Amino acid sequence: MPQTTLSPEAETPAAETQAAVTHPAASSGPASSGPVPFESWGRYPTYKAKVVPLNWQGDFPGVAAGIHNGALPVGMGRSYGDVCLLKDGNLLLTTGMNRLLDFDPATGVLTAEAGITLAQILDFAVPRGFFLPVTPGTKYVTLGGAIANDIHGKNHELAGSFGNHVPCFELVRSDGSRRLCSATENPDWFAATIGGMGLTGLITWAQLRLKPIVSRMIDYEGIQFHGIDEFLVLKDQYKHVEYTVAWVDCVSTGRNFARGIFMAGNNAKVPGPLTRTPEPKLSLPFDLPGFLLNRTTVSMFNTVFFHKQIKAHVKTPQDYEPFFYPLDKVLHWNRGYGKNGLLQFQYAIPWEHAKEGTIAILQEIARSGLASFLAVLKTFGDIPSLGMMSFPLAGIMFALDFPIKANISFPLMQRLGDMTREYGGRLYSAKDACMTPEQFKAFYPQWEQFARYRDPLITSSYWERVTGDRSTL
Ligand SMILES: Cc1cc2nc3c(=O)[nH]c(=O)nc-3n(C[C@H](O)[C@H](O)[C@H](O)COP(=O)(O)OP(=O)(O)OC[C@H]3O[C@@H](n4cnc5c(N)ncnc54)[C@H](O)[C@@H]3O)c2cc1C
């Protein structure tokens, strides 16, 4: 795709955004002379790798000539576990390849290089009356990373996952071949690459279908609930509302078990501000001591959070930033978990066993004594994902973060993974650091078919862990 029409630098302060939030290992300069530590968002595991910046669509595979130990394209490193890590290998850092290439206001189709972040896209799109079709809980992820994990948002029931809004992209393989991939051109490569965890090759550019908006505001409602039954009733009542998600208290037991706040919103229908978001000012500059996050402090936090809305039901306009990205307000908030880092556990369980599975897993978590305040409950709809290895399935999705406490966290993750399997669900590779090979093969039985599309130069520490295959050129 020619690099013409729009430059983020000219149109928006995207370079500034990038500087504020870039990965600590990011640089648009030459490759690191040797392996450097590269962290994913969970900061576990931490492996050293050589960082090879890509600045132009034509850089790969030339930059990879003569490298050893394989390569992996990476974006902002906002995955939690090791899906964006390659121990002692070469990370092809794409964030310098971040140009906007074309935009058609009549269709909302934007074309951009894969290293552009969703934050940069929003800076460009919102003032023009457009928004992302699907967005995760942080805007500091790249377009390529969003496709490679086929991410989902709060609107899965009505919009499906990210790949459903990507008309086409270019895939470059280490043998130099370039493929235009869409539902009609190279459809098998299209399916393997959406949710393909970077393993099929480098996405150089992609198209994304944006949605029109008339305001940056969200018509928001927040409703307190007690227990999974009440959550499910609310989910049905709000099934026509585009965005829905719930925060759930995983520490309380007894009559407060699984209490939470159900949050629903639509893009405002009344015309309002379409301004760009100012840069975040807060950043956690250092690691907090891990002991600060314990059952007592989290229990206190959860009680305050549950009662932060004094009324059981509030209805108010809210800006899209706190609605979609409450955590982005504090850059590097992951340092709050201490230097050991955090683990995320995220499952989807199909409707058949969704309720019983969710209750059993929440009970197991409450029993474990491990504290987590970032616990999110959502539902997935039945719009099929286009990716061969995509995570979403129709049912309940639940995600929560745990601080790493060596003797407790890992056995608990193993148990929760096994329970997910018993209830017919699966875990999300983008958030995983603990899945066993047996679990992976049960969750993704199509993995061998997918493995045929892996680029022989490309692998990841995740792929090696769950398949045992570290073969590369
Ligand atoms: C606070 C927070 C909230 C989140 N909320 C959600 C959520 O609601 N829903 C959700 O689905 N996810 C969520 N995530 C996870 C995040 O959206 C995904 O992990 C996303 O893929 C990260 O993008 P990235 O640019 O950081 O990519 P990385 O983490 O750097 O890489 C992710 C994968 O993409 C591959 N990749 C990256 N660029 C390319 C490329 N150009 N070509 C080929 N492969 C590539 C990598 O090899 C890797 O396998 C959240 C993460 C955080 C930190």
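Counting convention: from 1, in listed order, for ligands and their atoms alike. This one's a predicted model, so the numbers in the text were calculated from it and none came from an experiment.
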R99 NZ/CZ over W205 ring centroid, <6.0 Å and within 45° of normal: no

Considering only heavy atoms from C-beta outward, does the side chain of Y220 approach that of F323 to under 4.5 Å? yes

Do the side chains of W189 and R173 get nearer than 4.5 Å, heavy atoms only? yes

Pick out which of N267, D319, N266, I213 makes a side-chain contact (heavy atoms from CB on, under 4.5 Å) with I218. N267

Pair Y453, T193: side-chain N/O donor-acceptor within cut-off below 3.5 Å: no

Per-ligand residue contacts, ligand 1, heavy-atom threshold under 4.0 Å: W41, L72, P73, V74, G75, M76, G77, R78, S79, Y80, V83, C84, T94, A114, P136, G137, T138, V141, T142, G144, G145, A148, N149, I151, H152, M197, G198, G201, L202, I203, W333, K378, Y428, A430, K431

Counterpart residues, side-chain hydrogen bond (donor to acceptor under 3.5 Å, both in side chains), relative to N90 (two or more places apart): none

